[in-house]
Structures are given as C-alpha cells and as structure tokens.
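What follows is a short report on a single structure.
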Amino acid sequence: MLRSFSLYKYSLVVGFLKKTARPDAIPIGVAREDVLFRLANGLVKELRAGIRESADKKRNREELLLFLGLLLKPYTPLRSLPFRIAINNFILMETATRCLIHLNDEELFMLWRNVR
C-alpha cells in the first residue's frame, strides 16, 4: 500500500505494508506517521486560509506573527524537524507572495518555540 503526501514542494511516499497485513499488525510508528501527515495537511489548509485572510486585512508583521502563532498552537506534535521544515517553507512562500512580508529564520524559530 502506497500513501503519498505533499507539503508545498515536498512530496513523500510511504509504502511498506503488505495487502495481507491485519490492522492490528500495523506498526505503531506507521500509524503515528499517518496521523502526523493528516495533522500537517490540516495545518497547511488552515495556514493557507489564515495567511489569505491576513493579506485581505493587510496585517503588519507583528500581527501576522501573532496570528501564525495562534494557528500553530494546537499542532504541537508537528514540532519535529521534518514537519517543521516543510511547514516553515510553506509559511515563507505564502507570506512572501500573499502578504509581501518576508519572514526570517529567527522569527520562524520563535513561532515554533512558543508552540507547546
């Protein structure tokens, strides 16, 4: 079984379960990764809508950072490095194109630092 997930420019394909595998035989790590990918996709949808809303309301840099921090708050499991990198790249691209605000690495680091 193959599963494909994409976050902006990054695509991952996960596939190592046989067709005969029982649901109770699925390794915990695989089930956890599936949940994390679903969370990441949900976060990307929320970020896209939130950044679009911020652009419409013409929020400044500080307001945008506060708003992004509120959006990230419920997604603490995504603090792990691979997800954080992909989500940071998405935030950078969306804010630069929609809001014309270029965030730096330190600001993104502070966003994730406040997510607990």
Side-chain angles (χ1 to χ4, degrees):
M1 180 168 124
L2 290 176
R3 291 222 174 205
S4 174
F5 303 95
S6 63
L7 289 173
Y8 191 63
K9 292 182 182 178
Y10 301 96
S11 295
L12 300 172
V13 177
V14 179
F16 34 69
L17 297 178
K18 296 180 181 177
K19 287 184 178 180
T20 59
R22 298 182 323 268
D24 59 336
I26 297 174
I28 293 173
V30 174
R32 186 178 183 325
E33 285 180 13
D34 188 40
V35 170
L36 290 176
F37 277 113
R38 287 183 189 180
L39 273 175
N41 283 328
L43 175 58
V44 166
K45 288 178 185 177
E46 282 191 41
L47 285 170
R48 184 176 287 125
I51 292 171
R52 189 173 293 144
E53 177 188 328
S54 294
D56 292 342
K57 291 184 177 182
K58 299 188 185 319
R59 290 187 171 133
N60 62 24
R61 178 182 295 272
E62 290 78 24
E63 291 172 337
L64 178 64
L65 287 170
L66 286 172
F67 186 70
L68 290 173
L70 291 174
L71 285 177
L72 290 174
K73 198 135 189 108
Y75 294 95
T76 54
L78 297 177
R79 288 182 67 196
S80 62
L81 197 57
F83 291 102
R84 189 171 64 203
I85 291 171
I87 292 167
N88 282 351
N89 287 333
F90 179 78
I91 290 171
L92 287 173
M93 294 302 295
E94 285 290 308
T95 55
T97 56
R98 298 204 185 275
C99 302
L100 302 176
I101 295 175
H102 299 278
L103 302 176
N104 59 38
D105 291 336
E106 185 178 321
E107 291 168 328
L108 290 172
F109 177 76
M110 293 305 289
L111 279 176
W112 286 105
R113 187 174 175 199
N114 295 329
V115 174
R116 295 192 195 273

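Closest approach of Leu36 to Pro77, counting heavy atoms only: CD2-CB, 3.6 Å. Nearest heavy atom pair, residue Leu68 against residue Thr95, reads CD1-CG2, 4.4 Å. Taking each heavy atom of Gly50 and Leu71 in turn, the nearest pair found is CA-CD1, 4.2 Å. The two residues Leu43 and Ile87 have their closest heavy-atom pair at CD2-CD1, 3.4 Å.
Rounding to the nearest 0.5 Å gives a distance of 9.5 Å between CD of Glu33 and OG of Ser80. From Leu111, atom CG reaches atom CG of Asn88 across 8.0 Å, with rounding to the nearest 0.5 Å. Atoms SG and CD, on Cys99 and Glu53 in that order, are 10.5 Å from each other to the nearest 0.5 Å. How far OG1 of Thr97 is from CG of Leu92: 10.5 Å, rounded to the nearest 0.5 Å. Considering CZ of Phe67 and CD1 of Ile51, their distance stands at 9.0 Å, rounded to 0.5 Å. Atom CD1 of Ile91 sits about 13.0 Å away from atom CD1 of Ile101, to the nearest 0.5 Å.
The existence of a salt bridge linking Asp34 and Arg38 is confirmed by a sub-4.0 Å separation between a basic side-chain nitrogen and an acidic carboxylate oxygen.
Residues Phe83 and Leu39 fail the side-chain proximity criterion, which asks for heavy atoms closer than 4.5 Å. Contact annotation: the side chain of Arg48 approaches that of Val44 to within less than 4.5 Å [non-hydrogen atoms, C-beta and beyond]. Between Leu65 and Leu103 the shortest side-chain heavy-atom distance falls below 4.5 Å.
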Yes or no on side chain to side chain contact (heavy atoms under 4.5 Å, CB included) for Ile85 and Leu81, after CA distance, side-chain angles and deciding distance?
CA-CA 6 Å; Ile85 291 171; Leu81 197 57; 3.8 Å; yes

Let me see the working for Val115 and Tyr75 under side chain to side chain contact (heavy atoms under 4.5 Å, CB included), right down to the final yes or no.
CA-CA 8 Å; Val115 174; Tyr75 294 95; 5.7 Å; no

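Within the structure, the salt bridge (Lys or Arg N to Asp or Glu O under 4.0 Å) test picks out the following pairs touching residues 98-114 (sequence neighbours left out): Arg61-Glu107, Glu94-Arg98. The list of salt bridge (Lys or Arg N to Asp or Glu O under 4.0 Å) pairs with a residue in residues 68-84, not counting sequence neighbours, is empty.
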